[in-house]
Number of protein chains: 2
Amino acid sequence: MDELPEGLRRLWSPEGSARQGQPRPGLTLSRIVEAAVGMADEQGLGSVSMSRLARSLGYTTMSLYRYVSTKDELLLLMHDSAWRVPTVLDDFPEQWRPALVLWCREQRTILHRHPWLERIRITERVGTPSQLTWMDRGLRALGGVPLTEYEKGQVLLLLNGFLFWQARLAADLQESLREEERPPEEAIMGVADMIKTLVTADRFPALLRAVEGGLFALPQDWQDPQAGADADFLFGLDRILDGVQDLIDRRLAPAALPD
Amino acid sequence: MDELPEGLRRLWSPEGSARQGQPRPGLTLSRIVEAAVGMADEQGLGSVSMSRLARSLGYTTMSLYRYVSTKDELLLLMHDSAWRVPTVLDDFPEQWRPALVLWCREQRTILHRHPWLERIRITERVGTPSQLTWMDRGLRALGGVPLTEYEKGQVLLLLNGFLFWQARLAADLQESLREEERPPEEAIMGVADMIKTLVTADRFPALLRAVEGGLFALPQDWQDPQAGADADFLFGLDRILDGVQDLIDRRLAPAALPD
DNA sequence: TAAACTATGTGTATGCCGTACACCTCGCGT
DNA sequence: ACGCGAGGTGTACGGCATACACATAGTTTA
């Protein structure tokens, strides 16, 4: 516990606990982290600088360094705070598949609320309390399934990748739109038009066929972009879980070899 | 073609073509891009700054701005250059599955060679020649398959997500190790030890069981880390493609409803 | 009550970054 | 011979993270 890297130690200690009798907080670690998370949510992680953050709290840049020894440490704290595991996951569906779907949905909700989470280096999160908890819950969901523990880990990693990818798509889009001067619909229309101009039969035959066949015409009766995003999410999730199901089935009936 | 965003225009124009008879190149766009790619490959994208790049070429910072109007534009050029589609993909396996596997493998090779590609904003790549070509090849691989064009797009996007996720894991790891002062094995051991310390039965029962059950004990007879990474790659890819297979099967035999 | 200590906040300075802008200097076409 | 324009440079600005010396005020101790 004592040789933990600087930032992690704070996360695993049972709160500051006010060393002697020092009063007069003024600033507070949690206030800082909270403000930073809010700022990142609203204006993107890129706009969170030590000086802007301090100013938004009514203090000077350097005051933050009394609470955090480096910006990376602040990011780690923001990360762990945002990834707090909801209590829904204390009680699980019995079946592995609905359980995993729930696990994914909850993570998706978090990533949706804090798109910048996707940006934080994965190795940074390794020893974080929230991360270990998520891992634990995921493994519990797969508790009764006939896979090796290593394979279970692989499955969770695969799902995590999918979730992060979805988050990334959303975050990149959001950020691009933020930088655009045109209104969102117009910008998107512009890109679609551009694609249609560039995709010619000689260079991109298959793509052209797909575009004409409705690659950009959206499925079913959607209007609501939210519904579209949900449908896309479920499409990918279902493919992956079907693949996992296949693996499990094969484990259960190992006799049938391919002819 | 004329209203393309600044950076894209250059990518779609048939090469600079030396306006009149200006000689004395000295610097060259392609030399710059090449050097930037090399630097990013070797020392990470973070170490590519305009001044360091210029210095490595023997020029001053500002000289680069004669060839590129902004650093983002340079990144776009690096991106397109690195993503050039290999000619292997001009000729494809007939079967969709081996074709897609090939498609993925080739992308993986590129991402492996240029880990920083993963960092470039996805929306940035949309209109890029290389990106459209990759899309075209992927759709061709799925040419004979009974899915809607929209679904084909979804499948390709899903696979792309997986590829990017793998690249991201590798890139983050590499970068972390670069920042470490300890040698790689030692650092990795340190993390493993840390995990084992933190994972206690009361807070993480399922995780503890998994750790004891071999979550970190690697599968089969691997020693070579490369072989391990390959195995992980194939595991994920197989799950996803199995899921796609299921969908296709269901399309071919739509009669059988679940009882 | 006075003195010392210390947690908290500030101001200044350094060295990076991207890039705007004014300049300089060639070699070519006139 | 001249001037024009392309290619290269130097300087300067504002923003970034952060090191370090300093100011201040409240508690603890003498």
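Please read these numbers as outputs of a predicted model, since none were measured by experiment. All chains are named by letter (A, B, ...) in the order of the sequence lines, taking the proteins before the strands, and each is independently numbered beginning at 1.
- From one end of the helix from dT1(C)-dA30(D) to dT30(C)-dA1(D) to the other, with five pairs defining each end axis, the axis direction shifts by 20° (rounded to 10°).
- By the side chain to side chain contact (heavy atoms under 4.5 Å, CB included) test, Glu175(A) is found to be paired with Arg119(A), Arg121(B), residues two or more places apart in sequence or in another chain being considered.
- Under the side chain to side chain contact (heavy atoms under 4.5 Å, CB included) criterion, Ala210(B) pairs with Leu139(A), Glu149(A), Leu215(B), sequence neighbours left out.
- For Thr70(B), a side-chain nitrogen or oxygen approaches OP1 or OP2 of dT19(C) to under 4.0 Å.
- Going from atom CG of Leu53(B) over to atom C1' of dT19(C) covers 15 Å, rounded to whole Å.
- Checked against ring-ring contact (aromatic ring centres under 6.0 Å, His included), Tyr65(B) has no partners two or more places apart in sequence or in another chain.
- As a whole-Å value, the separation of Leu75(B) CG from dT19(C) P is 10 Å.
- Here the P atom of nucleotide dA6(D) and the CG atom of Leu29(B) are 16 Å apart, to the nearest Å.
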Indicate every side-chain donor-acceptor pair of residues 74-89 of chain A with a distance under 3.5 Å to a residue at least two apart or in another chain.
unit_1	atom_1	unit_2	atom_2	d
His79(A)	NE2	Arg125(A)	NE	3.4
Asp80(A)	OD1	Ser130(A)	N	3.2
Asp80(A)	OD1	Ser130(A)	OG	2.7

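- The side chain of Ser49(A) lies closest to dC16(D) when the candidates are dC16(D), dG18(C), dT9(D).
- Atom CG in Leu57(A) sits about 11 Å away from atom P in dT10(C), given to the nearest Å.
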Under-3.5 Å N/O pairs linking protein and nucleotides 11-14 of chain C:
none

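- Scanning all heavy atoms of the two residues, the minimum distance from Gln154(A) to Phe235(B) falls at CB-CE2, 3.4 Å.
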Worksheet item: Step by step, would you call Arg52(A) with Gln43(A) a side chain to side chain donor-acceptor pair (under 3.5 Å)?
Response: CA-CA 12 Å; Arg52(A) 275 174 46 76; Gln43(A) 313 174 51; 2.9 Å; yes
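- Applying the 4.0 Å criterion to OP1 and OP2 of dC17(C), one finds that Ser51(B) has a side-chain N or O inside that range.
- Here Phe164(B) pairs with Trp165(A) under the ring-ring contact (aromatic ring centres under 6.0 Å, His included) rule; sequence neighbours left out.
- Where Thr61(B) and Ser47(A) meet DNA chain D, the nucleotide closest to each residue was compared, and Thr61(B) sits on the side nearer the 5' end.
- Met50(B) has its CE atom 21 Å from the P atom of dC13(D), to the nearest Å.
- Distance, Arg52(B) CZ to dG18(C) P: 11 Å, rounded to whole Å.
- Nucleic acid contact for Ser63(B): base, since at least one base atom lies under 4.0 Å from a heavy atom of the residue.
- The nearest whole Å value for the distance from the OH atom in Tyr65(B) to the P atom in dG10(D) is 16 Å.
- Listed by chain and residue number, Thr200(A), Trp12(B), Pro129(B) satisfy the side chain to side chain contact (heavy atoms under 4.5 Å, CB included) test with Arg203(A) (two or more places apart in sequence, or in another chain).
- Nucleotide dT10(C) holds its C1' atom 12 Å from the CG atom of Leu64(A), rounded to whole Å.
- Take Leu173(A) and apply the side chain to side chain contact (heavy atoms under 4.5 Å, CB included) test, not counting sequence neighbours, and it matches Leu177(A), Thr123(B).
- Between Tyr67(B) and the phosphate of dG8(D), there is a side-chain N or O to OP1/OP2 separation shorter than 4.0 Å.
- The stretch residues 184-193 of chain B participates, sequence neighbours left out, in no side-chain hydrogen bond (donor to acceptor under 3.5 Å, both in side chains) pair at all.
- Among residues at least two apart or in separate chains, salt bridge (charged side-chain N to carboxylate O under 4.0 Å, His left out) pairs with a member in residues 70-79 of chain B are Arg10(B)-Glu73(B).
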Interface polar pairs with nucleotides 23-25 of chain C, N/O, under 3.5 angstrom:
none

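- Using a 3.5 Å distance cut-off with no hydrogens or angles, the side chains of Trp116(B) and Asp41(B) do pair a donor with an acceptor.
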